[in-house]
Amino acid sequence: PEATPDQIARWVAETSSAPPADGFALRSPWSLWRLPLGTVALHYHVLPDRILLFRFAWRRIEAFILPLSRSTLDRQLTRCLTALQADDDPGAVDEVLEWLARALGVTAALAAFPRVRRLILIAHDAIANVPFAALPVHGVALCRRVAILQMDRLWRMRRRARSEEHTSELQ
């Protein structure tokens, strides 16, 4: 487990700099190491039978395979929405939200990084429908514990172009 982040960092470094057709690419593996302290990014990649979770933090890159299928996720989200609309069993909504927090690795991420203040969620596909702000972690809604930023693509995290940086420095 200790060597896993190093193996992933080497894999990213060896990968071509050209972006793949259906995935994500990074300009530099070191750019992810520059996340500010207290910030954790969770990048979800949904497959039909499982979800890949890439967790980025200061000097850490970790990958997890979540045994959660797209259809199971859709069923749970539908169950949550139905329970909200029916308003006859308030415990059903809480139960689904707690399950989602555990199944999607949000609870584990906050346990692994207890001082996290900002959580960046790169959620697309079926994950984009998850109400992350409402997910309870140890009985407290996620939005009350950390600042949340949700994006649809990992490349949106990259820094501004150098010409923009130089322009702002000159002014």
Side-chain angles (χ1 to χ4, degrees), residues 1-5 7-9 11-12 15 19-26 29 32 35 38-57 60-157:
E2 303 274 329
T4 302
Q7 291 170 351
I8 294 170
W11 174 80
V12 170
T15 303
D22 333 306
F24 65 90
L26 306 172
L32 289 174
L35 281 175
T39 300
V40 174
L42 301 177
H43 176 253
Y44 295 93
H45 189 75
V46 180
L47 300 173
D49 61 341
R50 64 188 168 275
I51 296 174
L52 303 178
L53 170 60
F54 297 92
R55 191 166 67 186
F56 306 108
R60 288 180 78 169
I61 302 173
E62 300 169 317
F64 302 92
I65 299 173
L66 305 177
L68 177 62
S69 68
R70 178 181 281 130
S71 61
T72 302
L73 180 62
D74 285 338
R75 273 196 309 275
Q76 291 291 357
L77 290 171
T78 302
R79 181 178 165 217
C80 183
L81 185 58
T82 303
L84 273 172
Q85 291 172 341
D87 200 26
D88 56 354
D89 185 9
V93 173
D94 295 335
E95 178 184 325
V96 173
L97 292 176
E98 286 175 16
W99 181 86
L100 284 168
R102 282 191 314 276
L104 294 175
V106 174
T107 304
L110 293 182
F113 302 98
R115 293 186 189 162
V116 67
R117 296 184 314 269
R118 290 172 300 279
L119 186 63
I120 301 171
L121 300 160
I122 299 96
H124 52 87
D125 202 305
I127 296 287
N129 298 322
V130 174
F132 282 102
L135 296 182
V137 178
H138 303 298
V140 179
L142 188 60
C143 65
R144 294 189 183 272
R145 293 181 61 112
V146 296
I148 300 171
L149 172 63
Q150 188 166 339
M151 300 178 179
D152 63 341
R153 298 283 180 245
L154 183 63
W155 62 265
R156 295 189 196 282
M157 286 179 57

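- Between the CG atom of L68 and the CG atom of L53 there is a distance of 11.0 Å, given to the nearest 0.5 Å.
- Not counting sequence neighbours, the partners of N129 by the side chain to side chain contact (heavy atoms under 4.5 Å, CB included) test are L77.
- Taking NE2 from H43 and CZ from F56, the interatomic distance works out to 7.0 Å, rounded to the nearest 0.5 Å.
- Distance alone, capped at 3.5 Å, is enough to place a donor-acceptor pair between the Y44 side chain and the L104 backbone.
- Annotation: side chain of C80 is not in contact with side chain of Q76 (no heavy-atom distance under 4.5 Å).
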**OP:** Evaluate the criterion side chain to side chain contact (heavy atoms under 4.5 Å, CB included) for residue pair I120 and V40; output intermediate values, then yes/no.
**Re:** CA-CA 6 Å; I120 301 171; V40 174; over 6 Å; no

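- The aromatic rings of H124 and H45 lie perpendicular to each other, with more than 60° between the two planes, well past the 30° mark.
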Counting only pairs under 3.5 Å, give me each side-chain donor-acceptor contact of residues 135-150, with atom names and distances, residues two or more places apart or in other chains.
from : atom 1 : to   : atom 2 : distance (Å)
R145 : NH1    : V137 : O      : 3.4

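- Listed here is the closest heavy atom pair of L66 and A103: CD1-O, 3.6 Å.
- Nearest heavy atoms, A126 versus R70: CB-CG, 4.3 Å.
- In this structure, a donor-acceptor pair under 3.5 Å is absent between the side chains of T82 and R79.
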Hey, can you pull the donor-acceptor pairs under 3.5 Å for the side chains in residues 110-119, sequence neighbours left out?
from : atom 1 : to  : atom 2 : distance (Å)
R118 : NE     : T39 : OG1    : 2.8
R118 : NH2    : L37 : O      : 3.0
R118 : NH2    : T39 : OG1    : 2.9

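- The two atoms that bring A128 and A123 nearest to each other are CB-O, 3.8 Å, heavy atoms only.
- Taking CD1 of I122 as the start and CG of L42 as the end, the distance is 7.5 Å to the nearest 0.5 Å.
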